[in-house]
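A short write-up of the structure that comes next.
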Amino acid sequence: MINLKSAGSVVNKVGWADVILECRNIAKNFDHIQALKCINFKLHKGEILGLVGDNGAGKSTLIKIMRGVFKPSSGEIYIDGEKRVFENPKDAIREGIQCVYQESVLVEQLSLAENFFLGREPTKRYVKGLIQFVDFKKMREESNQHLLDLGFDLDVIEEITNFSGGERQAVVVSRALYSKPKILLLDEPTNALSEKVKIRLFTLFKKIREICPMIFVTHDLDDAIQLCDRLIILKLGELAFETKTKEGFSKEEILKYM
Ligand SMILES: Nc1ncnc2c1ncn2[C@@H]1O[C@H](COP(=O)(O)OP(=O)(O)OP(=O)(O)O)[C@@H](O)[C@H]1O
Ligand SMILES: [Mg+2]
């Protein structure tokens, strides 16, 4: 479980300059379409890095490479300075990379608690360890506590089908954070959310960035400016611009590179 209280001390220890993830010369072709061309950037500990660009610029393709859905046609990914090759999403998850995207999967007819532990249900053994049951009590208690820690008061026994879009997104984000990821990839996670829900999620992202740096994909520049510490701008598969600090990026300036 992410402990928000420990966030400050972690960032003091690692400092701003530490690189947690690096993409070197990443390119991706789909047959004759060159979706990405020689992308180089670094994600530092403690930061929210915005990845912006027009529709079709290559943002989701880059995210899918970092989460092991696509293999790059060329180029490398480094985590904590070590080269990593992801054959599939499980490899990326094993490296501590979690992802939230608009279509993140929740099962309608299962409860919030069941969705929270989907595919990794805790179990309990009976009769000298011979019989194994899913530990529903633990699922309810842990999901409830984790959601409360992140500021979401939701009924974990309720079926997912009864939750609003914003509440579902809160569940998806909380579920991704439960495994204490090293890096969180967010591909347009706030699309279709109300301003109020979006602000709540942004507040959460800002609180946890020191223990879990993020790459936040959006084509909404106001969101990017509001949330992100730095930005990289993709245009037609190329890295058109990268801001060096939080200071000095205006909407007009970003638009020039898109
Ligand atoms: N699986 C695929 N097969 C073929 N082409 C693809 C595939 N995935 C993406 N592309 C192409 O790669 C390019 C970049 O697409 P991508 O989805 O990465 O853009 P994006 O920046 O995420 O756009 P949006 O803002 O609309 O989500 C597009 O030309 C797209 O058609
Ligand atoms: Mg996309």
Side-chain angles (χ1 to χ4, degrees), residues 21-43 47-77 84-93 97-106 165-166 168-169 172-173 176 181 183-195 197-198 201-202 205 213-243 249 251-258:
L21 175 143
E22 182 178 358
C23 282
R24 275 192 212 162
N25 304 320
I26 294 283
K28 179 68 183 171
N29 301 325
F30 297 104
D31 297 324
H32 59 283
I33 299 170
Q34 196 167 11
L36 293 172
K37 296 163 208 164
C38 199
I39 304 293
N40 286 287
F41 72 90
K42 292 172 182 164
L43 172 70
E47 77 173 345
I48 303 176
L49 178 65
L51 173 54
V52 299
D54 212 346
N55 292 125
K59 306 181 295 295
S60 294
T61 304
L62 187 52
I63 290 291
K64 283 176 184 163
I65 288 172
M66 286 184 272
R67 57 182 280 255
V69 175
F70 294 150
K71 284 184 88 172
S73 305
S74 59
E76 294 109 39
I77 295 176
R84 293 281 178 254
V85 177
F86 302 145
E87 297 293 338
N88 52 53
K90 277 193 177 156
D91 286 350
I93 289 170
I97 298 179
Q98 285 280 346
C99 184
V100 172
Y101 41 100
Q102 225 188 324
E103 327 80 63
S104 285
V105 182
L106 290 171
R168 284 157 185 251
Q169 211 52 337
V172 169
V173 170
I183 297 159
L184 186 60
L185 306 175
L186 300 154
D187 192 350
E188 315 231 21
T190 51
N191 273 12
L193 296 186
S194 75
E195 200 62 23
V197 176
K198 194 169 75 180
L201 279 178
F202 280 10
F205 295 151
M214 278 157 263
I215 299 180
F216 179 80
V217 174
T218 184
H219 49 244
D220 187 316
L221 298 184
D222 292 319
D223 282 358
I225 290 168
Q226 191 184 341
L227 180 69
C228 301
D229 299 300
R230 288 192 308 121
L231 292 181
I232 52 177
I233 305 168
L234 286 188
K235 182 175 184 175
L236 299 172
E238 286 184 273
L239 205 156
F241 191 69
E242 178 175 4
T243 67
F249 52 86
K251 198 168 169 176
E252 292 69 30
E253 201 181 344
I254 301 163
L255 273 169
K256 277 197 310 205
Y257 293 99
M258 283 176 65

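Both counts, for ligands and for their atoms, begin at 1 and track the order of listing. Below, all heavy atoms of this structure are taken into account, side chains as well, without hydrogens, waters or symmetry copies. Everything quoted here is computed from the prediction, not taken from an experiment.
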Self-check item: Among Gly56, Ser60, Ala57, Gly237, closest by any non-hydrogen atom to atom 13 (C) of ligand 1
Solution: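 Closest candidate by heavy-atom distance is Gly56.
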Quiz item: Should Gly53 be counted as touching ligand 1, given the test is an N or O pair under 3.5 Å?
Solution: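 N/O-N/O distance under 3.5 Å: no.
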Tell me: protein heavy atom nearest [atom], and distance?
atom	value
atom 15 (O) of ligand 1	Thr61 OG1, 3.7 Å
atom 3 (N) of ligand 1	Phe30 CD2, 3.5 Å
atom 25 (O) of ligand 1	Lys59 NZ, 2.7 Å
atom 26 (O) of ligand 1	Asn55 ND2, 3.0 Å

Quiz item: Between the main-chain N or O of Gly53 and the side-chain N or O of Lys59, is there a donor-acceptor pair closer than 3.5 Å?
Solution: yes
Quiz item: Got an N, O or S from Ser60 under 2.8 Å of the Mg ion (ligand 2)?
Solution: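 Checking the Mg ion (ligand 2) against Ser60, an N, O or S atom does fall under 2.8 Å.
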Practice problem: Would you indicate whether the side-chain heavy atoms of Phe86 and Val69 approach each other to under 4.5 Å? | Solution: no
Quiz item: With side chains defined as the heavy atoms from C-beta onward, is the minimum distance between Phe30 and Thr61 less than 4.5 Å?
Solution: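 In contact.
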Self-check item: Structural part of His219 in contact with ligand 1, heavy atom criterion under 4.0 angstrom
Solution: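 The side chain, only.
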Quiz item: Given that the side chain starts at C-beta and the backbone is N, CA, C, O, which of these parts of Leu234 lies under 4.0 Å from ligand 1, counting heavy atoms, or is it both or neither?
Solution: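 For Leu234, no heavy atom sits under 4.0 Å from ligand 1.
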